[in-house]
Amino acid sequence: VDDLKSWLRVGGVARVRHHLGEQMKVREFSPAQKAAVNDLLEQLVSERRGELLDLMKPGENPRLE
């Protein structure tokens, strides 16, 4: 969770996608597992776009504490 928060803060959703992809390679996820993770990420981004944008704003953010 802390990694996801820092990835969002530094590089946004694209950085999260990249790092999750790297972790899935290292952990040798099957193609089906990778697709499921990516599908869920897309769903979360779509449903929670406003909250994600708030998290990516510079400065203090109580959600990141």
Side-chain angles (χ1 to χ4, degrees):
V1 171
D2 289 337
D3 285 346
L4 288 173
K5 289 176 182 177
S6 68
W7 297 340
L8 277 171
R9 185 180 278 173
V10 173
V13 175
R15 187 172 178 97
V16 170
R17 282 187 188 109
H18 171 76
H19 283 286
L20 284 176
E22 292 298 314
Q23 286 188 359
M24 289 188 287
K25 283 181 197 174
V26 168
R27 295 180 180 180
E28 299 179 349
F29 277 30
S30 71
Q33 287 174 305
K34 290 177 186 177
V37 169
N38 288 324
D39 288 347
L40 182 57
L41 180 60
E42 289 305 314
Q43 179 184 347
L44 290 170
V45 168
S46 175
E47 291 174 0
R48 311 296 288 267
R49 184 166 302 279
E51 291 175 70
L52 288 168
L53 291 172
D54 286 345
L55 285 172
M56 291 185 287
K57 288 180 183 174
E60 292 298 314
N61 190 320
R63 289 182 185 223
L64 298 177
E65 301 299 319

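Below, each value reflects all heavy atoms present in this structure, side chains not excepted, and no hydrogens, waters or symmetry copies.
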Here the pair of heavy atoms bringing Lys34 nearest to Met24 is CA-SD, 3.7 Å
Could you go through Glu28 and Gln33, starting from their C-alpha distance and side-chain angles, then the distance that decides it, and tell me whether this counts as side chain to side chain contact (heavy atoms under 4.5 Å, CB included)? CA-CA 9 Å; Glu28 299 179 349; Gln33 287 174 305; over 6 Å; no
Gln43: what forms a side chain to side chain contact (heavy atoms under 4.5 Å, CB included) with it, not counting sequence neighbours?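 With neighbours one apart ignored, the set is Leu40, Glu47.
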Val16 with Leu44, same ILVMFWY side-chain cluster at under 4.5 Å: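 No: no chain of side-chain contacts under 4.5 Å links Val16 to Leu44.
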